[in-house]
Each structure stands twice: as C-alpha cells, then as structure tokens.
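Remember, predicted model here, so these are calculated numbers, not experimental data. Residue numbers run from 1 in the order of the sequence given.
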Amino acid sequence: MNTVITISRSFGSNGREIGKRVAEKLNIKWYDKDLLKRAAEESGLCTEIFENHDERPTSSFLYNLVMDTYSFGYSSSSYIDMPIGHKVFLAQFDAIKKIAEEGPCVIIGRCADYALAEKENCLNLFIHCDYNTRVKHVIDRFDLSEEKAKDMINKKDKQRSNYYNFYSNKKWGKAESYNMSIDSSILGIDGTVELICQLVNDFEKKDR
C-alpha cells in the first residue's frame, strides 16, 4: 500500500475517529494534533503557537505574503523575519509534504488535500452527517446542553470552513472539492471505516 488518505470533516461527524480506525485497520500511521508537534519541532517554534493557529485563517495581507513565499520558495534568512502566522502556515504545509513522502498514512484536516494536490497517490475524503446526529454526538462526547452543542458545532464548522476556503482554491464541504464525500450516519463508524478501506483497496488496484 502507498496511498495517503486525507480526511476533512464536519464537527461531530466522527471524522477523526473514523480516520484513526482506518489507519489502524490498514496498519499505517495517522496524524492529527501530532502533526502540529512535528511541524513545531522541525521549525523550531513551540507547539502552543501551532495550537493557537490550528485551522484558523489569518489576515488577507498575510495570506498574500504567504502565498507569494510558498509559491516561489523562501530562504532561511527570510523565514526568520516572517510574521508568526506565516511561519506556522509554511511549517505545517512542509510537515504534511514530508509526512506524505515517508509512506502511506491518514492525515486529518489542515488542508492536507491542498498541500498534497500534486501527489497522485492521494485519496481525499470529506466526512459529514446530518446536523441532528452531530448534535447528539457532541452532547454525548462533551457532556453539553443541546444549545451549547449546537453553538460548538456552528463555531467549529465556521472555523474549519474559513481556514480551508482561505488557503485553498476550493470550498470546504463541497463534494467537488474531494474525491468522495461520505455521510457517516448511513453506515456508522464501523461501516464507514470498512467502506473507506474498500475504497483504498479499489483505488490501488486501479494503478496495478
């Protein structure tokens, strides 16, 4: 196996848990928050900085500066002088690219599909499910009231959407932005994991 699986997810859809179980079933590595730790170690910045900027967009001015640098390369001297948000963006994307070169894996969120757009061995998925099911998941997981669960879902979805739409040339949650969009409430966690594993198997057979 040599497929890199990227998983974007709506909050409360169990996308993270599904990604983790897919990795375990396929016996490959998976990355979520630990991706931030790796990016921090390789860039020399502290992990807390990455956590504070995790899946959050920055100003339009900084975005243009980032994209210019990311597109045309950057020197170590210019990297030192970059604003902190710029450094976080570049370090995280560089970490994603390095991780993908090391072998098959599952990467959760953080525009990984965009960072790996040029790689042919990527399978880019979006996990979602109906709103009421997500509310129930969040209530159970965080022991919240229905009102607070809905508020958390709306804020998290908006944050992820803004980040993805800001840094990529695609739209978060839109089916055409991914290879496949999957409703996890149809088959449940276990069934969705089986579906993805079968998809990976068929995807790899295609190139044999």
Side-chain angles (χ1 to χ4, degrees), residues 1-9 15-16 18-20 22-23 26 28-43 45 50 53-58 60 62-76 78-79 82 85-128 160-182 196-208:
M1 176 183 174
N2 68 347
T3 302
V4 174
I5 305 157
T6 72
I7 295 182
S8 296
R9 70 281 184 232
R16 180 182 183 275
I18 289 167
K20 178 182 178 182
V22 166
L26 296 176
I28 59 177
K29 294 181 179 180
W30 76 288
Y31 296 88
D32 184 24
K33 290 289 186 181
D34 44 353
L35 191 154
L36 305 180
K37 182 179 179 181
R38 171 155 174 176
E41 291 173 349
E42 293 180 352
S43 66
L45 301 172
F50 285 84
H53 287 80
D54 190 24
E55 294 188 303
R56 291 180 174 87
T58 184
S60 58
L62 180 56
Y63 169 73
N64 291 329
L65 179 62
V66 168
M67 293 314 296
D68 286 343
T69 305
Y70 192 67
S71 298
F72 301 108
Y74 55 91
S75 66
S76 58
S78 64
Y79 183 81
M82 289 178 191
H86 192 168
K87 293 180 181 180
V88 168
F89 175 88
L90 291 174
Q92 186 167 282
F93 268 50
D94 284 347
I96 290 171
K97 286 178 174 291
K98 289 177 182 177
I99 284 169
E101 289 296 326
E102 293 170 359
C105 61
V106 174
I107 304 176
I108 308 295
R110 297 167 185 86
C111 284
D113 59 318
Y114 175 61
L116 305 175
E118 297 180 359
K119 290 186 70 64
E120 296 181 354
N121 65 323
C122 279
L123 197 55
N124 304 312
L125 309 177
F126 185 83
I127 306 295
H128 63 98
R160 290 173 180 176
S161 175
N162 287 345
Y163 178 83
Y164 187 89
N165 297 344
F166 191 75
Y167 284 116
S168 78
N169 56 356
K170 301 183 290 183
K171 292 296 183 182
W172 183 85
K174 295 293 184 181
E176 57 268 26
S177 296
Y178 312 91
N179 298 128
M180 182 173 286
S181 182
I182 303 172
I196 293 174
C197 289
Q198 183 60 53
L199 178 63
V200 171
N201 185 55
D202 292 343
F203 177 68
E204 296 192 336
K205 282 182 179 178
K206 172 179 66 70
D207 295 325
R208 289 175 187 168

Could you walk me through whether Ile196 and Ile127 pass the side-chain contact (heavy atoms from CB on, under 4.5 Å) test, one step at a time? CA-CA 11 Å; Ile196 293 174; Ile127 306 295; 4.1 Å; yes
On a heavy-atom basis, the closest approach of Ile99 and Cys105 is CG2-SG, 3.7 Å
Can you name the residues that form a salt bridge (charged side-chain N to carboxylate O under 4.0 Å, His left out) with Lys37, not counting sequence neighbours? none
Minimum heavy-atom separation for Ile96 and Ala115, please, with both atom names. CG2-CB, 3.9 Å
If you take all heavy atoms of Ala23 and Trp30, which pair is closest and at what distance? CB-CB, 3.4 Å
Nearest heavy-atom neighbours spanning Ile107 and Ala112: CG2-CB, 3.6 Å
NZ/Lys97 to CG/Leu116 distance, rounded to the nearest 0.5 angstrom? 6.5 Å
For Lys29, is the NZ atom crowded, meaning more than 12 foreign heavy atoms sit under 6.0 Å from it? no
Run the salt bridge (charged side-chain N to carboxylate O under 4.0 Å, His left out) test against Glu42 and tell me which residues pass, sequence neighbours left out. Arg38, Lys98
Rounded to the nearest 0.5 angstrom, the NZ-CD1 distance for Lys20 and Ile7 is 13.0 Å
Residues that Asp32 engages under side-chain hydrogen bond (donor to acceptor under 3.5 Å, both in side chains), provided they are two or more places apart: Arg16, Arg110
Non-hydrogen atoms of Val4 and Ala100 that approach each other most closely: CG2-O, 4.0 Å
The single option from Val200, Asp202, Asn201 that satisfies side-chain contact (heavy atoms from CB on, under 4.5 Å) with Glu204 is Val200
List the atom of Gly15, the atom of Ile108, and the distance in Å for their closest heavy-atom pair. O-CD1, 4.3 Å
Partners of Glu118 by side-chain hydrogen bond (donor to acceptor under 3.5 Å, both in side chains), sequence neighbours excluded? none
Rounded at 0.5 Å granularity, tell me how far OH in Tyr114 sits from OG in Ser8. 14.0 Å
Under the side-chain hydrogen bond (donor to acceptor under 3.5 Å, both in side chains) test, residues paired with Thr6 that sit two or more places apart: Asn124
For Leu199, check side chain to side chain contact (heavy atoms under 4.5 Å, CB included) against everything at least two apart and list the hits. Leu123, Leu125, Met180
What side chain to side chain donor-acceptor pair (under 3.5 Å) pairs are there with at least one residue in residues 169-178, not counting sequence neighbours? Asp113-Lys170, Tyr164-Lys170
